[in-house]
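Worksheet: one structure, shown below.
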Amino acid sequence: TEAILADRQRQANAVATATSDAITGHRRDAERYTGLADRCSSAVELILEKAAKDFEARVQSAYGPDAEVRLLLRDGKREVCQVGLLKGGEFYTALSGAELARLHAAVAAAVPSSSPIRILAPADRLITEKTLRLMLAAYRDALERGFVTQVIVQSVFAVEAAGWTVVRVD
């Protein structure tokens, strides 16, 4: 019986050693994979940061020099995606209709496309007739510069503007 007990003890010790070795190996693997995940995350952040800066520069080129375009991907520790203008050191996303129209057109110009058709249809906003005229002027510039091929603007006002077709929906 002592020989049987000793044999069982050896088997138990072997299982315990194998289990301990397996746990140690899994811990090493976990550390390696965690390190790999951290390095991959850092690489993706660098790639995204560079791509965002390149995109921001393309938008800025299309927008023109009178305002500074910004693309924010972080607000403190929060991940965001905001496009706006830097004015007097302050970042603004609440823009006038004309500023927003120019920014939309500049973003459209910055997005690579092999398509011959580029339609810009900004979101419906409550705008005044004066703002609508300014927006149409900004969109006309985008059309003339080839940034877009078609612009569709929704408005509660029917503004007659040279070169624009007004479609009334009653």
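In this text the structure is predicted, and so the values were computed from the model without any measurement.
Residues Thr149 and Ile119 come closest through the heavy atom pair OG1-N, 4.5 Å. When all heavy atoms are compared, the tightest approach of Val59 to Ala110 is CG2-CB, 3.4 Å. Minimum interatomic distance between Arg70 and Glu56 (heavy atoms only, all atoms of both residues): CA-OE2, 3.2 Å. Residues Val107 and Phe55 approach most closely at CG1-CZ, 3.9 Å, considering heavy atoms.
Contact check for Leu136 versus Arg140: no side-chain heavy atoms found under the 4.5 Å cut-off. Residues Glu49 and Arg74 form no side-chain contact, since every pair of their non-hydrogen atoms from C-beta on lies 4.5 Å or further apart.
In this structure, Leu36 places its CG atom where more than 12 heavy-atom neighbours from other residues, nucleotides or ligands lie under 6.0 Å away. Counted within 6.0 Å of CD on Glu79, heavy atoms from surrounding residues, nucleotides or ligands total 12 or fewer; the atom is thus considered open.
In this structure, Ile117 is a member of the same hydrophobic cluster as Ile152, with clusters built from ILVMFWY side-chain heavy atoms closer than 4.5 Å. Residues Val69 and Tyr92 share a single hydrophobic cluster, defined by chaining ILVMFWY side chains whose heavy atoms lie under 4.5 Å apart. Leu86 is not connected to Leu73 by any chain of hydrophobic side-chain contacts under 4.5 Å among Ile, Leu, Val, Met, Phe, Trp and Tyr, and they are in different clusters. Leu120 and Leu143 fall within a single hydrophobic cluster, where Ile, Leu, Val, Met, Phe, Trp and Tyr side chains are chained together by heavy-atom contacts under 4.5 Å. Residues Val111 and Leu71 share a hydrophobic cluster, clusters being chains of Ile/Leu/Val/Met/Phe/Trp/Tyr side chains in contact below 4.5 Å.
Here the CD-CZ distance, from Glu68 to Phe91, works out to 11.0 Å after rounding to the nearest 0.5 Å. Going from atom OG1 of Thr131 over to atom CG of Leu100 covers 11.0 Å, rounded to the nearest 0.5 Å. The distance from atom CD of Glu31 to atom OG1 of Thr34, rounded to the nearest 0.5 Å, is 8.0 Å. In this structure, OH on Tyr33 lies 10.5 Å from NE2 on His26, to the nearest 0.5 angstrom.
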- prompt: Are Tyr139 and Val148 close enough, and set up right, to give a side chain to side chain contact (heavy atoms under 4.5 Å, CB included), and what steps lead you there?
  reply: CA-CA 9 Å; Tyr139 289 137; Val148 294; over 6 Å; no

query: Does the side chain to side chain contact (heavy atoms under 4.5 Å, CB included) test come out yes or no for Asn13 and Gln9, once each step is laid out?
result: CA-CA 6 Å; Asn13 287 343; Gln9 185 63 44; 3.1 Å; yes

message: I'd like to know whether Lys50 forms a side chain to side chain contact (heavy atoms under 4.5 Å, CB included) with Leu46, so could you lay out the CA-CA distance, the side-chain angles of the two residues, the decisive distance to 0.1 Å, and finally the verdict.
response: CA-CA 6 Å; Lys50 176 162 180 6; Leu46 288 173; over 6 Å; no

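A side chain to side chain donor-acceptor pair (under 3.5 Å) check over residues 57-66, counting only residues at least two apart or in different chains, returns the pairs Asp66-Arg102.
Taking 4.0 Å as the cut-off between side-chain N and carboxylate O, Lys87 and Glu90 do not count as a salt-bridged pair.
Although no hydrogens or angles enter the test, the distance criterion places no donor-acceptor pair under 3.5 Å between the side chain of Arg8 and the main chain of Ile4. Side-chain N or O atoms of Ser41 include none that pairs as donor or acceptor with a backbone N or O of Ala37 at under 3.5 Å. A donor-acceptor contact shorter than 3.5 Å is absent between the side chain of Ser20 and the backbone of Ala16.
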